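Input: a single structure, listed below in structure tokens.
Just so you know, ligand 1 is whichever comes first in the structure, and atom 1 is the first atom listed for that ligand. Bear in mind the structure is a predicted one, so any value in this text is a computation, not a measurement.
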Amino acid sequence: MTDLQETTETEEIDQTKIWHKTACVLCSANCGLEVRLDGREITRVRGNKAHVASAGYTCEKGLRVNHYQNNTSRLTTPLKRIEDGSYIEVDWDTAIQEISDGLKAVAEKYGSDKIFYYGGGGQGNHLGGAHSTATRQAYGITRKSNALAQEKTGEAWVEGQMFGTHTHGGFHDAEVAIFLGKNPWHSHGFDQARRVLKEISNDDNRSLIVIDPRRTETADLADYWLQVKPGTDAFLLAALGAIIVNENMTDDDWLEENSVGVEETKTMFRDVPIDDFAKRSGVTVEQLRAVAERIVEAESVSTYEDLGIEMGPHSTLVSYLHRAISILTGNYGKQGALGPHTSIAPLFNYSAAGREPTDPVTGGKIISGLVPCNEIAEGFLSDHPERSRAMFIESGNPVHSLAESDKFRAAMRKAELTVVIDVVHTETTEQADWILPASSQYEKAEATFFGANFPTNTFHLRPAILEPLEGTLTEPEIHSRLVQAAGVLDDVDFQSLREAADEGLDSFAEAFMAAAMENPAVSAYGAVVLYETLGKSLPQGKEGAAVLWFSCQMAAQKYPDQIRAAGHKGEGPALGNALFEAIINNDDGIVFTRHNFEEAFNFLTTSDQKINLSIPEMHEALGELSEAPDKYTSEEFPYVLSAGERRGFSANTIVRDPSWRKKDKEGSLRIHPDDALEIGVVDGGRIRIRTQGGEAVAVVEINETVQPGYVSLPNGYGLSYSPAGGDSEIVGVPPNQLTSTVWRDSIAGTPWHKHVPASLEAVPT
Ligand SMILES: Nc1nc2c(c(=O)[nH]1)N[C@H]1C(S)=C(S)[C@@H](COP(=O)(O)OP(=O)(O)OC[C@H]3O[C@@H](n4cnc5c(=O)[nH]c(N)nc54)[C@H](O)[C@@H]3O)O[C@H]1N2
Ligand SMILES: Nc1nc2c(c(=O)[nH]1)N[C@H]1C(S)=C(S)[C@@H](COP(=O)(O)OP(=O)(O)OC[C@H]3O[C@@H](n4cnc5c(=O)[nH]c(N)nc54)[C@H](O)[C@@H]3O)O[C@H]1N2
Ligand code: SF4
Ligand SMILES: [Mo]
């Protein structure tokens, strides 16, 4: 008998003693949590030991999620900006109607392709984005972007051409794990990161290699720490690849069978001036040789690249070089190496790999359908006839999170119509014409979409654990209303689909397919149709999950054997139904696909399903590297500022209340003792930072882990917040007050936030 049953018989249930299953929303790991509630407060939090991926693991941040759920910034009514710049409260019906009319008016005047959609998901919320597909379809919105286009599009461009699929390392099993511009101790990025890092570090047979200018918490655990000079990873990796090629350490039999473009790639590495490049990267040839030998002798190697290289010089080239090294040493498609993965809904589309269209206004490459973030504001502010005129933003805070905040503010103010859906007042809602209040991630169904494990992959749907805050609506409901206001669903018979859903999934599948054949609107606005029909028969708090039924059907077509191998039974639509039922009924998450390693090559969409090592632009870029500068600092701006480091209490802009942080409340500028001495600042003192983009004052933390000449500010600080609900205060430096949109990668357009030339000066106390 459970505790719950016992108490039911003897006394009334004490609601505050019940553990509710949910997940942490603060980073992409979405660790499973169990929480206790007192009214609307989350009073206790612990890791959910039964969770399919996190198995009880959490970090310090997740234990304080109540600061996300309950804070003074929550929005509780739609708001409309009036002429004097102030906002008036509006009821939902009026808001939906006026926004719908406004979108239609922009489309009529300029063409619906002039409406720009930004966002769609954060670290834990993705079902809103899934429903926005219907709204975009209804209003003809095609231009879009999101935060991936300021970090992962260079990687996607390389992976599209090399593999035609997304890959992820097997860090839990890798004999050698390499972290390149990535500090998983704080940023995670795979399940149970700290546990895994400690395991590798404590195992004499496994090695941890960290390439980072700072001695991070991860570097502290490393067997090999390559203390690269900021921004010179391309030199380091070119030299490492050259050693591997010149000393015949490549896995030639494997390459012959599994890849194309090998000879050109080897030739390109042979031309690398190893000594010179090693010197420019600040690492010795001996260190590189030791690492090369360790990689080559290992059974398996996995590399994780992240912002340290994605937001710095030569980022796309670096994304290519480390993958080329992995492939030259045979590290794909086996346990502990790079592998593909399944997904319930793909984050990237590689159909245009290497043939990406360019933005008609700014000329940037549109990778996976996303306009480079650094060019969005530029586009709005230009006088190009094709420029966008309206912005629809959901679950994103681009004013704060994209380069040059003031430029994005100006772009929003110039747009003729701006709509923002968020749970709180943000730097972005402050500029909007319309603000729509969403229910929080604990007040609706949400799901983890970042699971990237192979050969066994998992999925977790969480139910609402609280009623929506009064005045808010969930995104599925908001999109449903917007789509219906467009009039495009007027002749869809919801009632018969609802009745079919009440009879069960088999009946529903049949009815839905028949309806879709008869009326194209059913599939065109599928997310909303599913929400309005199947959603109504799902358990309370899971209505927004109906859209996953379609994803499950697609997955059942794509990976039927592997879904069955994960324990789900049936064929065709019945298999999709079984998977959907498992997702709906399991609050600890499920295994949804189980592959064999041999199947890793089936995922490749390159020609002959071979790995393509030869990307002409990359070979050219490597050829030109000798001529490239290895320093971007100047007399005016002699320091390299890393603007936006992940720390113990940073979580993008998801938590606004600074009292969430147990330490580093103001987000200090980390500076080496030698630099502090030269500038004349003391620990805890104040320092003025100037860049091409702007200036700010930060509190100083003298810190030996950073290199001389290199300083860092944390990510996610400098948010406006009002502790008592009155006037707002800003605690810490908003990093994008210091960045610039023109400081970006020449291929993917991704920003150089980790490499901002800066000057520093003591602020007298
Ligand atoms: N705590 C916390 N975790 C998070 C987030 C958060 O805000 N807070 N955000 C999540 C998100 S959205 C993302 S994308 C990930 C990002 O996760 P990470 O990329 O791991 O985060 P960062 O700290 O921004 O940068 C990683 C490392 O790059 C190093 N670096 C700086 N310059 C260079 C360089 O020139 N070369 C090399 N090799 N390294 C360099 C920095 O010293 C730092 O250790 O984190 C996720 N997890
Ligand atoms: N200088 C500098 N800038 C950076 C970075 C850096 O390292 N340096 N890192 C970059 C990276 S990697 C990323 S991913 C971006 C992240 O930046 P953004 O993409 O802007 O995302 P978040 O801060 O994660 O959250 C976006 C918004 O979602 C809202 N939100 C939370 N829950 C919900 C919900 O259920 N519904 C809705 N509608 N909204 C919700 C939050 O209130 C927040 O306003 O920042 C980038 N910006
Ligand atoms: S912040 Fe990330 S690692 Fe920490 S508890 Fe939340 S989901 Fe897990
Ligand atoms: Mo990110």
Heavy-atom closest pair, residues V756 and W743: CA-NE1, 3.8 Å
Closest non-hydrogen atom pair, H188 against C27: CB-SG, 3.9 Å
Pairs touching residues 711-720 that satisfy salt bridge (Lys or Arg N to Asp or Glu O under 4.0 Å), sequence neighbours left out: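 Non-adjacent pairs meeting salt bridge (Lys or Arg N to Asp or Glu O under 4.0 Å): zero.
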Where at least one partner belongs to residues 19-28, residue pairs that pass salt bridge (Lys or Arg N to Asp or Glu O under 4.0 Å), sequence neighbours excluded: K21-E34, K21-D588
Pair D587 + K542, salt bridge at N-O below 4.0 Å: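 Here D587 pairs with K542 in a salt bridge, since their nearest N and O are under 4.0 Å apart.
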Lys/Arg N to Asp/Glu carboxylate O, K662 vs E60, below 4.0 Å: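 Salt bridge flag = no for E60 with K662.
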Distance-only donor-acceptor check, side chains D745 and T316, under 3.5 Å: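 Result is yes, a qualifying pair exists.
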Side-chain donor-acceptor pair present, E394, H479, cut-off under 3.5 Å: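 Distance-only check passes for E394 and H479.
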N, O or S atoms of the protein lying under 2.8 Å from atom 4 (Fe) of ligand 3: C59 SG
Can you list the atoms of ligand 1 that are under 4.0 Å from a heavy atom of [X]?
X: I309; value: 38 (N)
X: R647; value: 1 (N)
X: P230; value: 35 (O)
X: G231; value: 34 (C), 35 (O)
X: R214; value: 42 (O)
X: D233; value: 34 (C), 35 (O), 36 (N), 37 (C), 38 (N)

H188 near ligand 1 by a heavy-atom separation under 4.0 Å: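 Outside the 4.0 Å threshold, so no.
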Heavy-atom gap P213 to ligand 1 smaller than 4.0 Å: yes
Within 6.0 angstrom of E467 CD, more than 12 heavy atoms from elsewhere: no
Heavy-atom distances under 4.0 Å decide this one: backbone, side chain, both or neither, for [X] against ligand 1?
X: T216; result: side chain
X: Y710; result: side chain
X: V228; result: side chain

Proximal ligand 3 atoms for N30, defined as those under 4.0 Å from one of its heavy atoms: 7 (S)
Cation-pi check, R744 onto W752 ring (under 6.0 Å, within 45° of axis):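 Verdict for W752: no cation-pi partner in R744.
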Distance under 6.0 Å and angle within 45° of ring axis: K182 vs Y304: yes
How long is the straight-line distance from [atom2] of [Y] back to [atom1] of [X], given to the nearest 0.5 Å?
X: H672; Y: R214; atom1: NE2; atom2: CZ; answer: 12.5 Å
X: N146; Y: S395; atom1: CG; atom2: OG; answer: 10.0 Å
X: D191; Y: F171; atom1: CG; atom2: CZ; answer: 12.0 Å
X: T653; Y: H400; atom1: OG1; atom2: NE2; answer: 6.5 Å
X: R44; Y: N66; atom1: CZ; atom2: CG; answer: 13.5 Å

When you compare ligand 1 with [X], is there at least one nitrogen or oxygen pair between them that comes in under 3.5 angstrom?
X: I211; answer: yes
X: H755; answer: no
X: K229; answer: no
X: K61; answer: yes

Partner of W660 under ring pair (Phe, Tyr, Trp, His ring centres under 6.0 Å), chosen from Y717, Y721, F649: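 For W660, the ring pair (Phe, Tyr, Trp, His ring centres under 6.0 Å) check succeeds only for F649.
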Residues lining ligand 2 [heavy-atom distance under 4.0 Å, listed by chain and residue number]: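 Around ligand 2, where the cutoff is 4.0 Å for heavy atoms, the contacting residues are Y68, N125, A147, Q150, E151, L307, M311, S395, G396, N397, S401, I421, D422, V423, V424, T426, A438, S439, Q441, K444, E475, A643, G644, R646, N652, T653, I654, N715, P735, N736, H753, K754.
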